[in-house]
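Worksheet: the structure to be examined is printed underneath.
Heads up: numbering here begins at 1 and tracks the sequence. Please read these numbers as outputs of a predicted model, since none were measured by experiment.
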Amino acid sequence: MSLSVLEGMGFRVGQALGERLPQETLAFREELDILKFLCKDLWVAVFQKQMDSLRTNHQGTYVLQDNSFPLLIRMAAGLQYLEEAPKFLAFTCGLLRGALSTLGIKSLVTASVASLPTCKFQVVIQKT
């Protein structure tokens, strides 16, 4: 299956999750507050754990890091799986992008894996 198909499926799931958020969460004022919400509440709802860190350059780029990403934990036993790991992140990139879209933020989300099971999601906010 194509990575773009997986990302598109994740986008639709992220939108659906975003539509089911309590109305008070839809009243965020700052981008940083929205990303904090994704790292805490949304991540817990999907993966039963919080994101481990959130960093920003204060210019619309955010890096979200999960040191024990649930979809990669079983792969962490061998280095031979490292090059296959990004395939497991396409859906999650779409999930984040879809949730952000529902909250009114157009973004580009990419993922990288340097060592298993740690992954980083880079979110670049696209200004309109």
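If you chain together hydrophobic residues whose side chains sit under 4.5 Å apart, V5 and V109 fall into the same group. No continuous path of hydrophobic side-chain contacts links V63 to V113 [ILVMFWY only; heavy atoms under 4.5 Å]. Both V123 and I105 belong to a single network of hydrophobic side chains, linked directly or stepwise wherever heavy atoms of I, L, V, M, F, W or Y lie under 4.5 Å apart. Placement of I34 and L108 in two distinct hydrophobic clusters is found when ILVMFWY residues are connected by side-chain heavy-atom separations under 4.5 Å, directly or transitively. Hydrophobic clustering places L42 together with L32 (ILVMFWY residues linked when any side-chain heavy atoms are closer than 4.5 Å, directly or through intermediates).
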Apply ring pair (Phe, Tyr, Trp, His ring centres under 6.0 Å) to W43 and F121, showing your working.
-> CA-CA 12 Å; W43 215 250; F121 297 92; 5.7 Å; yes
Apply side chain to side chain contact (heavy atoms under 4.5 Å, CB included) to T92 and F47, showing your working.
-> CA-CA 11 Å; T92 309; F47 298 110; 4.2 Å; yes
Let me see the working for K127 and K106 under side chain to side chain contact (heavy atoms under 4.5 Å, CB included), right down to the final yes or no.
-> CA-CA 7 Å; K127 304 293 182 188; K106 187 176 180 183; over 6 Å; no
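For residues 107-123, there are no side chain to side chain donor-acceptor pair (under 3.5 Å) pairs, not counting sequence neighbours. Screening residues 87-111 for ring pair (Phe, Tyr, Trp, His ring centres under 6.0 Å) gives no qualifying pairs among residues at least two apart or on separate chains. Listed by first and then second residue, the salt bridge (Lys or Arg N to Asp or Glu O under 4.0 Å) pairs involving residues 59-76 are K49-D66 (not counting sequence neighbours).
The distance from the CE atom of M51 to the CD atom of Q65 is 9.5 Å, given to the nearest 0.5 Å. Here the CG-CG distance, from L38 to L100, works out to 5.0 Å after rounding to the nearest 0.5 Å. Of the inter-residue distances, the one linking L64 atom CG with C119 atom SG reads 9.5 Å to the nearest 0.5 angstrom. Distance check: E30 CD to L35 CG gives 11.5 Å after rounding to the nearest 0.5 Å. The structure places CD1 of I125 at 6.0 Å from OH of Y62, a figure rounded to the nearest 0.5 Å. In this structure, the separation between CG on L96 and SG on C39 is 8.5 Å, given to the nearest 0.5 Å.
Summarising the geometry of K87 relative to L6, their closest heavy-atom pair is O-CD1, 3.9 Å, with the distance given to 0.1 Å. Residues G18 and T102 come closest through the heavy atom pair C-CG2, 3.4 Å. Of all the heavy atoms in C93 and A111, the pair that sits closest is SG-CB, 3.6 Å. Among all heavy-atom pairs drawn from V44 and Q50, the shortest one is CG2-CG, 3.6 Å.
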Could you pull out all donor-acceptor pairs under 3.5 Å where a side-chain atom in residues 9-17 meets a protein atom, sequence neighbours excluded?
unit_1: R12; atom_1: NH1; unit_2: G8; atom_2: O; d: 3.3

Could you list the donor-acceptor pairs under 3.5 angstrom formed by side chains in residues 52-59, with sequence neighbours left out?
unit_1: D52; atom_1: OD2; unit_2: N67; atom_2: N; d: 2.5
unit_1: T56; atom_1: OG1; unit_2: H58; atom_2: N; d: 3.0
unit_1: T56; atom_1: OG1; unit_2: T61; atom_2: O; d: 3.1
unit_1: N57; atom_1: OD1; unit_2: Q59; atom_2: N; d: 2.8
unit_1: N57; atom_1: OD1; unit_2: T61; atom_2: N; d: 3.2

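Every residue two or more places apart in sequence or in another chain was checked for a side chain to side chain donor-acceptor pair (under 3.5 Å) with K36, and none qualifies.
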